[in-house]
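I have placed the structure first, in the form of structure tokens, so that the comments after it can refer back to it.
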Protein chains: 2
Amino acid sequence: MASDQTRGAILNAAERLYADRGFGDVTLRDIVATANVNLAAVNYHFGSKDELIAELFVTRSLATNRERLNELKAAEQAGGGRAGIDAIFRALVGPTLRGCLGPSSESSTAARFMIRASIESVPPIRRIKNREVDHLRKFAAAMRRSLPGRAEADLYWGLHFALAMAHHTIRERERLTKLSEGKCDLDDVEGIIDRVVAVSVTALTGEKVQGRPSGKLAAREAH
Amino acid sequence: MASDQTRGAILNAAERLYADRGFGDVTLRDIVATANVNLAAVNYHFGSKDELIAELFVTRSLATNRERLNELKAAEQAGGGRAGIDAIFRALVGPTLRGCLGPSSESSTAARFMIRASIESVPPIRRIKNREVDHLRKFAAAMRRSLPGRAEADLYWGLHFALAMAHHTIRERERLTKLSEGKCDLDDVEGIIDRVVAVSVTALTGEKVQGRPSGKLAAREAH
DNA sequence: GATAGTTTCATACAACTGTTTGAAATGCAA
DNA sequence: TTGCATTTCAAACAGTTGTATGAAACTATC
């Protein structure tokens, strides 16, 4: 079908433009000009501008969620049904940080698009994010299994803070680089993941965590 | 001067409308209708819509920054020029959280406006935020004085994570309430501040912190 | 009370927005 | 080839937006 070609061209052009210039100043006319298709094609194939944005975001969002759940399941199977709290946090923040930070974030439009979606906040995306709670509940459940003694509220705060550090790092990447005058290496994604996981675990258990065996933090902590 | 009256009416109406409905769908015509002034008054008194938004944000932002620095100075004086790291974090996140969370956040339009400014991200506000780095440097300097042995990068990451937790809590307040089914009490501002400070300190020093003497966390930790 | 400066007002402007329309082109099955 | 459905296209639509204009109303000074 030739229709899929047009659909795809629109999706590609839209993702690239939104990634580059943000949602605020990209019009349908910009998109169709980049995609070399007719103006009416957007409404024909997607119904409306908002539905186009929603489809872009849902696609990328589902992919990340899948990765997260895969990592979580792998960790739980390795631990015989109960994953370590550090592995749970790692599954939660790893995929997002790997996707939006690091060298790929310059090249991949998908990554840059997700960063935009994280910084700006347009109605169609906000609506989708509000339904994302179910996904987080699975992580809350895993945390409950991992730390059965903990108060529920503590677990939710731990989950919340882990996401806070991950998302804020993505959002404020530039500012942190400027503030620290380059002393914080935003390209060392795995190091950042180690940091976020370590802080999250320490916040919850009060114990210092070793991080992954190969992690830079682990090496540093061990002197 | 009657001009100040008009100016003030515009500022009030704009702040309220932006707080209630967000920046996305509030037009100048909405503002002047609420303020009972003429459409041209906005451009006459402020130059443009963006400058109106900027003035609103700068006013509130400066107020918060003043509070933060006051708390920081008080803490440093009390410690003879060197504040405890917990007091530094408290000065950093306390004013923001107190301003945007808690009972006042329902009533005060100023608080609701700042929450909006934190969630949505319009160009005039983004421009101002980018210049806010100088203010954070003062906190970085205080941290250096408080923990002279620490690596610079660790301090910046600590600062960054503290802000992350504070801002994310403000931004995702609703979602956390829904996710935790009310188990996380978002109205207990001082308890939240204790939590953020405790996690921030632990992340940096690896030691559990007691929080304020009167803090709920402190009481809980002590059994 | 005339004058100069400030502030208000109704109105128009010019541009841009997402969406719709109905006809033309295309693809595909019989 | 005929017929039907899908897809493209140019054009227009209807509405909104922030801003500019020039006259009118006001205020305070001399």
Side-chain angles (χ1 to χ4, degrees), chain A residues 1-58 113 116-117 120-128, chain B residues 1-58 113 116-117 120-128:
Chain A
M1 265 190 264
S3 85
D4 280 355
Q5 210 173 324
T6 303
R7 250 189 84 95
I10 292 173
L11 285 169
N12 282 341
E15 183 167 53
R16 192 155 66 82
L17 287 175
Y18 285 139
D20 286 344
R21 319 211 306 247
F23 296 98
D25 45 281
V26 171
T27 70
L28 285 189
R29 281 166 179 84
D30 293 331
I31 294 172
V32 298
T34 307
N36 270 314
V37 301
N38 187 269
L39 174 59
V42 173
N43 285 278
Y44 177 78
H45 284 285
F46 298 92
S48 70
K49 186 193 189 185
D50 277 10
E51 289 176 83
L52 166 62
I53 294 178
E55 174 154 342
L56 279 171
F57 182 73
V58 165
F113 173 83
R116 283 283 180 191
E120 305 184 21
S121 185
V122 291
I125 291 184
R126 226 173 307 162
R127 263 171 259 149
I128 294 166
Chain B
M1 264 191 266
S3 85
D4 280 354
Q5 210 174 324
T6 303
R7 249 188 86 94
I10 291 174
L11 285 170
N12 282 340
E15 184 167 53
R16 192 154 65 83
L17 286 176
Y18 285 138
D20 286 343
R21 319 212 305 247
F23 296 98
D25 46 284
V26 171
T27 69
L28 286 188
R29 283 167 178 82
D30 294 331
I31 295 173
V32 299
T34 306
N36 269 313
V37 301
N38 187 269
L39 173 59
V42 172
N43 285 278
Y44 178 78
H45 285 285
F46 298 93
S48 71
K49 186 194 189 184
D50 277 10
E51 291 176 82
L52 165 61
I53 294 178
E55 175 154 341
L56 279 172
F57 182 73
V58 166
F113 174 82
R116 284 283 181 191
E120 302 183 24
S121 185
V122 290
I125 290 183
R126 228 173 304 163
R127 264 171 259 150
I128 294 166

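The analysis underlying the following values was restricted to heavy atoms, covering all of them including side chains, and did not include hydrogens, waters or symmetry mates. In the text below, chain A, chain B and the rest are named by the order of the sequence lines, each starting its count at 1.
- With rounding to whole Å, F46(A) atom CZ is found 16 Å from dT19(C) atom C1'.
- Rounded to a whole Å, the CD atom of E51(A) is 12 Å from the C1' atom of dT19(C).
- The aromatic rings of F113(B) and F23(B) stand perpendicular to each other, their planes meeting at an angle above 60°, with 30° marking the opposite boundary.
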* Does the pair I31(B) and T34(B) meet the rule for a side-chain contact (heavy atoms from CB on, under 4.5 Å), with working shown? -> CA-CA 5 Å; I31(B) 295 173; T34(B) 306; 5.9 Å; no
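- Scanning all heavy atoms of the two residues, the minimum distance from L11(A) to L56(A) falls at O-CD2, 3.7 Å.
- A donor-acceptor pair under 3.5 Å links the side-chain atoms of D30(A) to the main chain of T27(A), judged by distance alone.
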If you restrict it to nitrogen or oxygen atoms, what contacts under 3.5 Å exist between nucleotides 14-18 of chain C and the protein, and what is each distance?
unit_1: dG18(C); atom_1: OP1; unit_2: K49(A); atom_2: NZ; d: 2.5
unit_1: dG18(C); atom_1: OP2; unit_2: L28(A); atom_2: N; d: 3.2
unit_1: dG18(C); atom_1: N7; unit_2: R29(A); atom_2: NH1; d: 2.9
unit_1: dG18(C); atom_1: O6; unit_2: R29(A); atom_2: NH2; d: 2.9

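- Nearest approach of E51(B) to F46(B), heavy atoms of both residues: CB-O, 3.2 Å.
- In terms of phosphate contacts, H45(A) brings a side-chain nitrogen or oxygen within less than 4.0 Å of OP1 or OP2 of dT8(D).
- Between the OH atom of Y44(B) and the P atom of dT8(C) there is a distance of 7 Å, given to the nearest Å.
- Inter-residue side-chain proximity for L28(B) and N43(B) is flagged as met; some heavy-atom pair is nearer than 4.5 Å.
- Atom P of nucleotide dT19(D) and atom CD1 of I31(B) are separated by 11 Å, given to the nearest angstrom.
- In plain terms, the two heavy atoms of D25(A) and R21(A) that are nearest each other are O-NH2, 3.4 Å.
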Strictly under 3.5 Å: I want the nitrogen or oxygen pairs between protein and nucleotides 21-26 of chain C, one per line.
none

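- Looking at Y18(B) and I53(B), their side chains come closer than 4.5 Å, going by heavy atoms from C-beta outward.
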* Mind running side-chain contact (heavy atoms from CB on, under 4.5 Å) on E55(B) and H45(B) for me, showing each step along the way? => CA-CA 11 Å; E55(B) 175 154 341; H45(B) 285 285; over 6 Å; no
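- Put simply, CG on D4(A) is 14 Å from P on dT6(D), counting in whole angstrom units.
- One can place CG of D50(B) at 15 Å from P of dT17(D), the figure rounded to the nearest angstrom.
- Rounded to a whole Å, the CG atom of L52(B) is 14 Å from the C1' atom of dT19(D).
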